[in-house]
Trainee: 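Can you read through this structure? Questions will come right after.
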Amino acid sequence: MTLLELLQLLRKHLRLVVLLPILCAVAAGAYSVLFMRNTYTASTSMYVLAQNNASTDASNLSQDLNASQMLTNDVAKLLQSDRIVAKTGKQVGVPQLRGYKVNVASETTSRVITLSVTGPDPQIAATAANDMVENVSDVAKTVMSVEAVNSIDRATAPSAPSGPKRPLYVAVAALAGLFAAIVIVVVSDMLNTKIRGQHDLEQVVPVPVIGRIPVTKEGR
C-alpha cells in the first residue's frame, strides 16, 4: 500500500480517524482529573562539611577532597535509608513516608546534595524534607567522619502541584487513538475481500480488463 492509497483510505474513514483520538484524549483527561491526585514537590539543598584536617600538603588536600566527595555520596545514600525514612515518617505522622517519593541528587565534583520529597500534601512534603536533613546530619556525625550536614535552602510548602502532567497524558492518549484508528482502518481494508473496482479484479483474475459496463438507473 502506497502513501497515497493510505491517505485515500483514511479519508474514506475520516470520521473514525477524527473521533477515536478525541475520545481517547477525553477519556485520559477525565481519568487524570477524577482518579489521579495532585502531587507536590518540596526541595531543599544541603552542604556536607567534613571533619577538618590540619595538614596543608597538596597531596593530602587532594586526598581530603576525594574523601569529602565520597562522604557526600555516602550521605546521599543515607538519606534514602530505612533508618532516616522511618524516623522522618514517624515525625510527620506518615509511617515509612508511604505515598511520598524521595529523590536525592549529588554531583561528583561538589559537596552539595539536593533533596526533594513529592507527595499529596505540600506541607508534609516540606516538613519531611527539612526533617530528613536534620536526621541525616545526626546520623552522619555519629557513623561517618562528618562534622555537620548544613541546610542551604530550607524547603517550603509548594503552592502549585508538580504533577500529574495531565496535558502530556491527554496528548499521548490522542496519539494512541490516532494510531489505533489507522491500524483499524488498514486491517479492516486488508480483511475485506470484496471486489470494489478494476484494480481488485485484476488481482483476482489474471486477464486484462477490456471494457466496462456502466451502471445506470432506470427512469420512473
Side-chain angles (χ1 to χ4, degrees), residues 31-169 172:
Y31 179 84
S32 65
V33 171
L34 297 176
F35 299 101
M36 299 178 69
R37 298 178 60 185
N38 287 338
T39 56
Y40 300 84
T41 300
S43 300
T44 181
S45 56
M46 65 204 78
Y47 183 81
V48 179
L49 183 62
Q51 292 181 355
N52 293 329
N53 192 331
S55 174
T56 59
D57 183 75
S59 61
N60 288 334
L61 287 175
S62 177
Q63 293 176 1
D64 291 343
L65 179 60
N66 292 332
S68 297
Q69 292 172 354
M70 293 180 63
L71 282 175
T72 301
N73 294 333
D74 292 340
V75 172
K77 293 181 180 179
L78 184 60
L79 278 166
Q80 296 177 305
S81 65
D82 291 338
R83 179 174 179 178
I84 300 299
V85 171
K87 184 177 181 180
T88 304
K90 185 177 181 180
Q91 290 172 332
V92 299
V94 180
Q96 295 293 331
L97 291 180
R98 291 189 182 94
Y100 289 81
K101 181 180 179 181
V102 178
N103 185 46
V104 181
S106 62
E107 299 181 2
T108 57
T109 58
S110 173
R111 286 187 285 181
V112 176
I113 300 175
T114 302
L115 167 69
S116 61
V117 179
T118 303
D121 190 298
Q123 187 58 55
I124 291 180
T127 304
N130 293 324
D131 288 348
M132 290 185 75
V133 176
E134 297 177 0
N135 294 335
V136 80
S137 179
D138 295 337
V139 175
K141 287 188 292 185
T142 303
V143 301
M144 301 178 183
S145 299
V146 173
E147 184 173 338
V149 178
N150 298 324
S151 176
I152 300 175
D153 299 313
R154 288 185 61 82
T156 57
S159 57
S162 58
K165 300 184 183 300
R166 293 185 176 92
L168 177 61
Y169 297 155
V172 172

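All residue numbers in this chain count up from 1 along the given sequence.
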Trainee: Between Val102 and Leu79, is the side chain to side chain contact (heavy atoms under 4.5 Å, CB included) condition met? List the steps.
Mentor: CA-CA 9 Å; Val102 178; Leu79 278 166; 5.7 Å; no
Trainee: Where the side chain of Thr142 meets the backbone of Asp138, is there a donor-acceptor pair that is under 3.5 Å apart?
Mentor: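 Confirmed, Thr142 side chain pairs with Asp138 backbone.
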Trainee: Please list, chain by chain and in numerical order, all residues satisfying side chain to side chain donor-acceptor pair (under 3.5 Å) with Arg166, sequence neighbours excluded.
Mentor: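 With neighbours one apart ignored, the set is Asn38.
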Trainee: Any side-chain heavy atom of Thr41 sitting closer than 4.5 Å to one from Ser43?
Mentor: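 Yes, side chains in contact.
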Trainee: Is the backbone of Leu78 close enough, under 3.5 Å, to the side chain of Ser81 for a donor and an acceptor to pair up by distance?
Mentor: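 Side chain of Ser81 to backbone of Leu78: a pair is present.
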Trainee: To the nearest 0.5 Å, what is the distance between CG (Leu49) and OG1 (Thr72)?
Mentor: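 Between Leu49 CG and Thr72 OG1, I get 10.0 Å after rounding to 0.5 Å.
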Trainee: Going through the checks in order, is the side chain to side chain contact (heavy atoms under 4.5 Å, CB included) test met by Leu97 and Val92?
Mentor: CA-CA 8 Å; Leu97 291 180; Val92 299; 3.9 Å; yes
Trainee: For Ser162 and Lys165, which heavy atoms make the closest approach, and how far apart are they?
Mentor: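 Smallest interatomic distance, heavy atoms only, reads O-NZ, 4.1 Å.
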Trainee: What are the two closest non-hydrogen atoms of Gln96 and Val85, and how far apart are they?
Mentor: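 Residues Gln96 and Val85, closest heavy atoms: O-CG1, 3.5 Å.
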Trainee: Hey, what do you get for CG (Asn73) to CZ (Arg111), rounding to the nearest 0.5 Å?
Mentor: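 Asn73 CG to Arg111 CZ: 12.5 Å, rounded to 0.5 Å.
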Trainee: Any chance you could measure Asp121, atom CG, to Arg37, atom CZ, to the nearest 0.5 Å?
Mentor: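 Asp121 CG to Arg37 CZ: 8.5 Å, rounded to 0.5 Å.
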Trainee: Rounded at 0.5 Å granularity, tell me how far CE in Met132 sits from CG in Leu115.
Mentor: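 The CG atom of Leu115 is 5.5 Å from CE of Met132, to the nearest 0.5 Å.
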Trainee: List in chain and number order the residues that pass ring pair (Phe, Tyr, Trp, His ring centres under 6.0 Å) with Tyr169, two or more places apart in sequence or in another chain; answer none if no residue qualifies.
Mentor: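 With sequence neighbours excluded, Tyr169 shows a ring pair (Phe, Tyr, Trp, His ring centres under 6.0 Å) to no residue whatsoever.
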Trainee: What heavy-atom pair brings Asp131 and Gln91 nearest, and what distance separates the two atoms?
Mentor: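 Looking at all heavy atoms of both residues, the shortest contact is CB-OE1, 3.4 Å.
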Trainee: Can you tell me how far NZ of Lys77 sits from CD1 of Ile84, rounded to the nearest 0.5 angstrom?
Mentor: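 Here the rounded value is 15.5 Å.
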Trainee: Looking at every heavy atom in both Thr88 and Ala128, which two are closest together, and how far apart are they?
Mentor: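 Shortest heavy-atom separation between Thr88 and Ala128 comes out as CG2-O, 3.5 Å.
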Trainee: Testing the basics here: between Thr39 and Pro164, what is the closest heavy-atom pair and its distance to 0.1 Å?
Mentor: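 Looking at all heavy atoms of both residues, the closest pair is OG1-N, 4.2 Å.
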Trainee: Got a second to check how far Tyr40's OH is from Ile124's CD1, nearest 0.5 Å?
Mentor: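 Reported value, rounded in 0.5 Å steps: 12.5 Å.
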Trainee: Which heavy atom in Val104 sits nearest to a heavy atom in Ile113, and how many Å separate them?
Mentor: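 Heavy-atom minimum between the residues: CG1-CG2, 3.6 Å.
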Trainee: Would a 4.5 Å heavy-atom cut-off, applied to side chains only, mark Pro120 and Tyr100 as touching?
Mentor: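 Yes, at least one pair of side-chain atoms sits under 4.5 Å.
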Trainee: Main chain of Ala155, side chain of Asn130: is a donor-acceptor contact present, judged purely on distance under 3.5 Å?
Mentor: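 Judged by distance alone, yes, a pair lies under 3.5 Å.
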Trainee: Would you confirm whether Thr44, through its side chain, and Asp153, through its main-chain N or O, come within 3.5 Å as a donor-acceptor pair?
Mentor: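 Such a contact is found between Thr44 side chain and Asp153 backbone.
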